[in-house]
Amino acid sequence: MSENVRVRIAPSPSGNLHVGTARTALFNYLFAKKHGGKFILRIEDTDLERSSNEYIKNIFDSLKALGLNWDEGPDVGGQYGPYSQSERFDMYPQYAQKLLDAGYAYECFCTPEELEIEKETATQNKQAYVYSKKCVELSDEEKAARRAKGEVPAIRFNVSKTQKAFHPTSELAFNDLVKGELKQDTDLIGDFVIMKSNGTPTYNFAVVIDDMLMKISHIIRGEDHISNTFKQLLIYEGLGTQVPEFGHLGMILAPDRSKLSKRHGATAVSDFVEQGYLTEALVNFIALLGWSPSDGQEIKSVDEIAADFRIGDVSSSNSIFEYDKLNWMNSQYIKQLDIETLKDALRPYLTQYDLGFLTDAQYTRMVEITREPLTILSDITNDVPYFFGEGVEIELEVQSEVLSTETSQKVLREFASQAQDWEFTEENLHEKLDAFRTQFKEQGIKPKETMWAIRGAVTGRTRGADITAVLTILGKEKTLKRVTSSLA
RNA sequence: GCUCCCAUCGUCUAGAGGCCUAGGACAACACCCUUUCACGGUGUAGACAGGGAUUCGAAUUCCCUUGGGAGUACCA
């Protein structure tokens with residue numbers, strides 16, 4: 001299948017790129033890479049009301065950030081364009097006409113009110129709603145008369161007729177790439193509209209025509225499309241064109257097993273990026289929802305995953321999006337970042353501080369000593385306030401439980417006097433502080449307490465980065481000033 | 001309501017009849033390391049939804065129940 005593999009992702013720009021869509025895009029991308037095929041981006045912007053350029057840009061940016069670059073699309077073009085559905089409106093009527101001519105579709109003049117009544121009786125009888133087909137046998141005279149009255153028909157697909165033409169029974173089945181054989185009784189599928197009375201195609205029709213014209217070979221999408229697949233299968237057959245392969249992925253659910261929505265927090269790729277997740281970590285994590293590496297090594301680049309990817313190995317069940325593992329994975333990716341990249345990546349989260357306060361060397365050192373506990377990049381914001389400004393804000397608890405004690409005061413007094421003569425380099429400070437601790441240890445004061453007093457006075461906290469490096473970055477003057485102001 | 005899909009530790013998963021007294025990862029817990037927090041290391045605990053059937057033998061096959069998800073538009 002190698003040269004002919006063509007897959008696509010077809011988001012509708014009615015919102016920012018959702019992680020669910022991102023995962024579908026990823027699996028399509030992996031499938032294309034694995035088989036040396038093409039990955040195509042098509043924007044389904046037929047719902048002009050809800051579509052916007054801002055969302056289109058967000059989709060482009062997010063996909064690129066995840067490393068899912070497309071071979072054909074609205075921006076890069078390709079030989080099967082245009083790649084925005086709104087520019088393809090004139091392509092659909094001819095195929096609807098073809099279906100009409102073959103008898104696989106017919107005009108329907110039913111009003112919304114009539115349809116509503118049909119639906120109501122169906123629900124009352126606890127039956128599945130299936131369109132009555134009342135317009136299927138309309139004579140040419142009747143249709144002409146209705147038109148004369150100003151009625152405009154929609155075009156419906158004749159399900160049973162198409163089914164009979166291509167299959168012995170009313171059962172329609174196909175072999176799904178991830179779920180295996182899937183079947184449906186087509187008697188339960190009503191004759192659905194393919195062209196609305198306003199002349200635009202419905203989703204199910206447009207998708208088939210687009211996929212056919214773009215020569216899409218494999219359609220990998222969410223399992224919420226399974227019921228659409230049966231309708232689309234029939235359209236392909238009615239059109240007499242080659243039917244692509246289908247693969248349906250389980251859904252991504254929120255921890256409460258409901259659909260992942262805004263009320264659960266971040267849903268768009270760009271939301272995660274804003275929060276300080278690395279796209280490399282995000283895409284890696286998302287790949288693990290439904291797929292697992294054959295060697296057990298979970299941290300992998302998209303390229304490595306592609307080499308190991310087999311669509312048949314993808315899990316057919318839903319999976320829950322839990323932050324725990326994503327967080328861990330993000331921290332792993334942060335650890336792998338080289339220092340210059342990290343320094344830049346962190347800047348957006350440090351805007352509230354005056355970075356000019358530190359030299360580049362000091363900023364570098366600060367990042368080096370504060371990077372370790374970072375789960376997401378934005379964690380840095382609350383970890384570094386004491387590096388900036390002359391004074392420091394002391395946490396209430398630190399003041400009452402650490403700095404106010406007799407022991408701490410003693411330590412700080414001694415520190416204030418001794419440190420006057422110290423040279424504030426990390427190497428020297430390390431040595432001096434070691435001796436300093438020992439000195440107090442002999443008086444029965446634990447090293448931990450000694451260091452807490454100093455840390456508390458200088459950073460206002462009891463926890464944080466390596467204190468020797470902190471003092472060095474601050475320098476003697478600021479350190480002593482802060483220590484002195486903590487003396488009672 | 002009707003139709004379809006799914007069902008292994010809390011979560012993501014390995015497992016395609018004997019290799020399973022079910023393996024890994026995250027989270028949890030304990031201990032170690034340590035001038036704090038953390039990182040790291042070593043351990044502990046934790047699952048085949050329930051019931052039938054097939055078989056010498058079932059997490060793996062079939063059926064039912066239960067639970068969860070999806071679809072049911074002249075939306076996409």
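To the nearest angstrom, P of B:rA14 lies 12 Å from CG of A:D308. Between the NZ atom of A:K126 and the P atom of B:rU3 there is a distance of 13 Å, rounded to whole Å. When the C1' atom of B:rC5 is taken as reference, atom CG of A:D185 falls 17 Å away, rounded to whole Å. A:Q124 has its CD atom 16 Å from the P atom of B:rG1, to the nearest Å. Taking atom CZ of residue A:R23 and atom C1' of nucleotide B:rC12, one finds them 11 Å apart after rounding to whole Å. Put simply, CD1 on A:I299 is 14 Å from C1' on B:rC12, counting in whole angstrom units. Atom pair A:R310:CZ and B:rU13:P shows a separation of 17 Å (rounding to whole Å applied).
For the residue pair A:D191/A:Y106, the side-chain donor-acceptor check at 3.5 Å is satisfied. Inspection of the A:T111 and A:E114 side chains reveals an N or O donor paired with an N or O acceptor under 3.5 Å. Counting only N and O atoms by type, the side chains of A:Y323 and A:N330 include no donor and acceptor under 3.5 Å apart. Defined by atom type and a distance below 3.5 Å, a donor-acceptor pair is present between the side-chain atoms of A:S408 and A:T405. For the 3.5 Å distance criterion, the side chains of A:S170 and A:D185 qualify, holding a donor opposite an acceptor. With hydrogens and angles left out, the side-chain atoms of A:T450 and A:R455 include no donor and acceptor closer than 3.5 Å. The closest side-chain donor-acceptor pair between A:E304 and A:S301 falls under 3.5 angstrom.
Put simply, the residue from A:Q439, A:K432, A:R413 that forms a side chain to side chain donor-acceptor pair (under 3.5 Å) with A:Q418 is A:Q439.
Across all strands shown, A:G222 has no heavy atoms under 4.0 Å from either base or sugar-phosphate atoms. A:Q332 comes within 4.0 angstrom of sugar-phosphate atoms only, judged by non-hydrogen atoms across all strands, and of no base. A:L182 comes within contact range of the sugar-phosphate backbone alone, with a heavy-atom separation under 4.0 Å but no base atom that close. A:K335 comes within 4.0 angstrom of the backbone, heavy atoms only, and of no base.
B:rG71 is paired with B:rC2 under the criterion used here, namely a Watson-Crick or G-U wobble arrangement in which both key atom distances are under 3.5 Å. Under the Watson-Crick and G-U wobble criteria, each requiring two contacts below 3.5 Å, nucleotide B:rA30 is paired to B:rU42. Using Watson-Crick or G-U wobble geometry with both donor-acceptor distances under 3.5 Å, B:rA58 finds no partner in any strand shown. Of the nucleotides present, B:rA25 is the one that pairs with B:rU11 by Watson-Crick or G-U wobble criteria, both distances under 3.5 Å.
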What string of B, S and - do you get for nucleotides 58-76 of chain B, 5' to 3', when a contact is any protein heavy atom under 4.0 Å? -----------SSS-SBSB

Using a 4.0 Å heavy-atom cut-off, write out nucleotides 32-37 of chain B from 5' to 3' as B (base contacted by protein), S (sugar-phosphate only) or - (no contact). ---BBB

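Between A:F174 and A:F230, the distance separating the two ring centers is shorter than 6.0 angstrom. Ring to ring, A:Y95 and A:F205 are not that close: their centroids are 6.0 angstrom or more apart. Aromatic ring centres of A:Y83 and A:F60: separated by at least 6.0 Å. Aromatic pair A:F27/A:H218: centroids not less than 6.0 angstrom apart. Between A:F436 and A:F415, the distance separating the two ring centers is shorter than 6.0 angstrom.
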Nucleotide N/O to protein N/O under 3.5 Å, stretch nucleotides 41-47 of chain B:
none

Could you list the protein-to-nucleotides 23-30 of chain B atom pairs, N/O on both sides, closer than 3.5 Å?
| from | atom 1 | to | atom 2 | distance (Å) |
| --- | --- | --- | --- | --- |
| B:rA25 | O2' | A:E298 | OE1 | 2.7 |
| B:rA25 | O2' | A:K325 | NZ | 3.2 |
| B:rA25 | N3 | A:K325 | NZ | 3.2 |
| B:rC26 | O2' | A:D324 | O | 3.2 |
| B:rC26 | O2' | A:K325 | N | 3.2 |

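Nucleotides B:rU65 and B:rC75 place their P atoms 36 Å apart, quoted to the nearest Å. The same atom, C1', is picked in B:rA47 and in B:rG24; the two are 14 Å apart, to the nearest Å. Nucleotides B:rU55 and B:rG17, compared at atom C1', are 9 Å apart to the nearest Å. Nucleotides B:rG51 and B:rA59, compared at atom P, are 12 Å apart to the nearest Å. Look at the C1' atom in both B:rU21 and B:rG46: the space between them is 15 Å, to the nearest Å. Nucleotides B:rG23 and B:rA14 place their P atoms 15 Å apart, quoted to the nearest Å. For the C1' atom pair drawn from B:rC12 and B:rC6, the interatomic distance equals 16 Å after rounding to whole Å. Comparing the same atom, P, in B:rG41 and in B:rA25 gives a spacing of 11 Å after rounding to whole Å.
Remark: A:V283 engages A:L26, A:L66, A:V302 in a side chain to side chain contact (heavy atoms under 4.5 Å, CB included) (not counting sequence neighbours).
Contacts of residues 392-402 of chain A with RNA chain B (heavy atom under 4.0 Å): none.
Annotation: cation-pi geometry not satisfied between A:K143 and A:F109 (NZ/CZ under 6.0 angstrom from ring centroid, within 45° of ring axis).
The side chain of A:S319 contributes an N or O atom lying less than 4.0 Å from OP1 or OP2 of B:rU13.
Across A:T479 and A:L474, no two heavy atoms sit closer than the pair OG1-CB, 3.8 Å.
The pair A:R156-A:E107 does not count as a salt bridge, with every side-chain nitrogen at least 4.0 angstrom from each carboxylate oxygen. A:K57 and A:E54 are not joined by a salt bridge, as no carboxylate oxygen comes within less than 4.0 angstrom of a charged side-chain nitrogen. Here A:K300 does not pair with A:E298 in a salt bridge; the nearest charged N to carboxylate O distance is not below 4.0 Å.
Looking at which nucleotide of RNA chain B each of A:F321 and A:L188 is closest to, the 5′-most match is held by A:L188.
Among the nucleotides B:rC12, B:rC6, B:rC4, the one closest to the side chain of A:I320 is B:rC12.
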